[in-house]
Amino acid sequence: MASVPPANPILGVADVCDGQFVALAMVTEVGAGLATATGAVASSSWDRAVAMVTDLERERRPRWVVWSNETTQTLARAGVRVARCWDIAAVHRLLFGGWKAGADVAWARLHDMDVEGIPVDAPVNLFTHAEHDEAGGAPVGADGYLRPSWVSGGWGSTPERMAQWAQLAMEVVSLQQQRLAASEQPTRVAATARSESAAEVLCAELSVDGLPMDRAAAESIIARFAGPRPRTEAEADELRRRRDEQVLRHAPEAGPVDLRSPAQVKTMLARMGIDLPDTRAWRLRELQSTHPLVDALLEWRKAERIATTYGYAWLDEHLGDDGRLRGAWTGSDGAAGRMTASAGLHNMPADMRAAVVAEPGHVFVRADLGQIEPRVLAAVSGDPALARATLEDDMYAGVAHDLQVDRPTAKVAVLGAMYGQTTGHGARALRRLQAAFPVAMAYLDRADVAGQVSRDLRTYGGRLIPMGWTNVNEVTEREARARAAARGRYGRNALVQGAAAELFKVWAVTVRARGASLGAQIVLCLHDELLVHVAGEHSDAVAALLDQCLAEAAHRWAPDASVRFVADVSVVQVWSEAKS
DNA sequence: GATTTCACGTA
DNA sequence: CGTACGTGAAATCC
């Protein structure tokens, strides 16, 4: 570390922003630490820190460097929406894969040090605290790792410390950029680093802003499935008992059965002469209307799902008084890099979409990417024949024509190739697929083989897909082969799904940027679907924008224009109105 | 009390 | 033996 200049109470814009990158470390009580290539400063209060960031954003639009989207979220809560960002955790995940991306992990990996050897802090007590304050001078210990006291001690116990954190962040960014520059596709991977960082900003805003939901509508949907809101625990018990009774009356001789226990349900079904390896819904559905017990059980499962997972407790916990449903968003999962959301935002039952209602005077502009994965495959593999098939609105029709098979067969064959499905009646179509699209199929095969031999992969955008799975108890040859095959499927799928996630995020952050002047707010991202909330008067403009942004995003992400991407766009008041 | 298994919703 | 996620309850482990 270079010597750290003394912290100043606050400086003007010109003093701080002499470069494109400005590192930011922020806490609520103390203020902000900022660093540029030449020096570090810290502001003395939260209000002044916010003012400083706001001024800098307005006048210079720097690329804000943050350790994680925690900082971006703090800013968003204060009403500050930044345009450009460098999210160290997001770039770390891109470079090194995996999930853990704290400052200590990022630092260790960038210095080629063993992550397992990262020193851990002793439990916090009065003595260790006192020690930290004395030893708090340098963030890097003698062993080369970040000192645990620094990492766990918070970013901003003092303005000086915040300034040091900001300067450290600048150093880390420079190391990350060196890594990106040394990669196989430096320009493309650097672009991914920026779009992934922007996606983290979007996630921070999604977490803060939430999804518009009509409480009364939601409650009536829940009531339809699970009954009225119970006022007491006894009432809840009674409702549960009555729900159970609707099933159990079809199996009177089975005795007391806990329907929530799959084992007991299996036994109950066996006694009624229904033998199943497990009691999953798709198995039950095959037997639908052969026995009233099966039908009642399926109904019960649906009601139980609403009552337990998406019931009144769910609303109470996640739906704010302002009619916004909030969950925690992350820009990339630990695997292929898709966005994730908690609070059930990504797996809400379709019935609940009727409660996702635009606010007065507003609408949702909803758009989803059509057949995103095969189109992405055409782009990342560079297969000219598959690229030609993407020119059709329905690309499976094009593939079917090329393969001389019907559309359902073509679709199953393409999906099977991407996901590694090897059974079924697709063998003939698969051979034709190999002949018609050899480049794309070879791309998938390479991913499959890499997975089988546990060789790490990188997505088109440069995300590392670690394949060093821990080999647990492969006792038999058969099991070892099965696991290798599973890794192969995983590899195939990760390259397609991961690249699709990258394109989707470029699209989303482009919409965020271009839609800001219209007040368009992205309120939900669903892997290939965007839900944008905007004042009704701008609905047409935003609908057009979603298409324009897709074209821009596709061009930025994969400049080869031979692959066509399509979006289905509609303007609705309620999410459930959207057909799809 | 923490972790794993089953089940099920979404893409 | 398509993949991924988050969730809740039961079962299991410690």
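Chain letters run A, B, ... following the sequence lines, proteins first, then strands; residues in each count from 1. As the structure is a computational prediction, the values presented were derived from the model and not from experiment.
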Any side-chain heavy atom of [X] sitting closer than 4.5 Å to one from [Y]?
| X | Y | value |
| --- | --- | --- |
| R93(A) | T330(A) | no |
| L315(A) | M213(A) | yes |
| L95(A) | L464(A) | no |

Looking at [X], does any N or O in its side chain come under 4.0 Å of the phosphate oxygens OP1/OP2 on [N]?
| X | N | answer |
| --- | --- | --- |
| T279(A) | dA7(B) | yes |
| R280(A) | dC8(B) | no |
| T309(A) | dC8(B) | no |

In terms of ring plane angle, is the pair F364(A) and H533(A) parallel, tilted or perpendicular, where the classes change at 30° and 60°?
tilted
Pick base, sugar-phosphate or nothing for [X], based on heavy-atom distances below 4.0 Å to the nucleic acid.
| X | result |
| --- | --- |
| R301(A) | sugar-phosphate |
| M348(A) | sugar-phosphate |
| A350(A) | sugar-phosphate |

What is the distance, to the nearest angstrom, from the [atom1] atom on [X] to the [atom2] atom on [N]?
| X | N | atom1 | atom2 | result |
| --- | --- | --- | --- | --- |
| R487(A) | dC1(C) | CZ | C1' | 16 Å |
| L345(A) | dT7(C) | CG | C1' | 12 Å |
| K302(A) | dG8(C) | NZ | P | 19 Å |
| R353(A) | dA11(B) | CZ | C1' | 9 Å |
| L444(A) | dG2(C) | CG | P | 16 Å |
| L284(A) | dG9(B) | CG | P | 11 Å |
| L530(A) | dA11(B) | CG | P | 14 Å |
| L297(A) | dC6(B) | CG | C1' | 14 Å |

Under 6.0 Å between the ring centres of Y460(A) and W557(A)?
yes
H527(A) and H346(A): aromatic ring centres closer than 6.0 Å?
yes
Per D278(A) side chain, nearest of listed nucleotides dG9(B), dG2(C), dA7(B):
dA7(B)
Of the options dG9(B), dA9(C), dA7(B), whose atoms approach the side-chain atoms of P349(A) most closely?
dG9(B)
Could you tell me which non-hydrogen atom of R224(A) sits nearest to which non-hydrogen atom of D351(A), and how far apart they are?
NH2-OD1, 4.2 Å
Please list each protein N or O that sits under 3.5 Å from an N or O in nucleotides 4-6 of chain C, with the distance.
residue, atom, partner, partner atom, Å
dG6(C), N2, N347(A), ND2, 3.3
dG6(C), N3, N347(A), ND2, 3.0

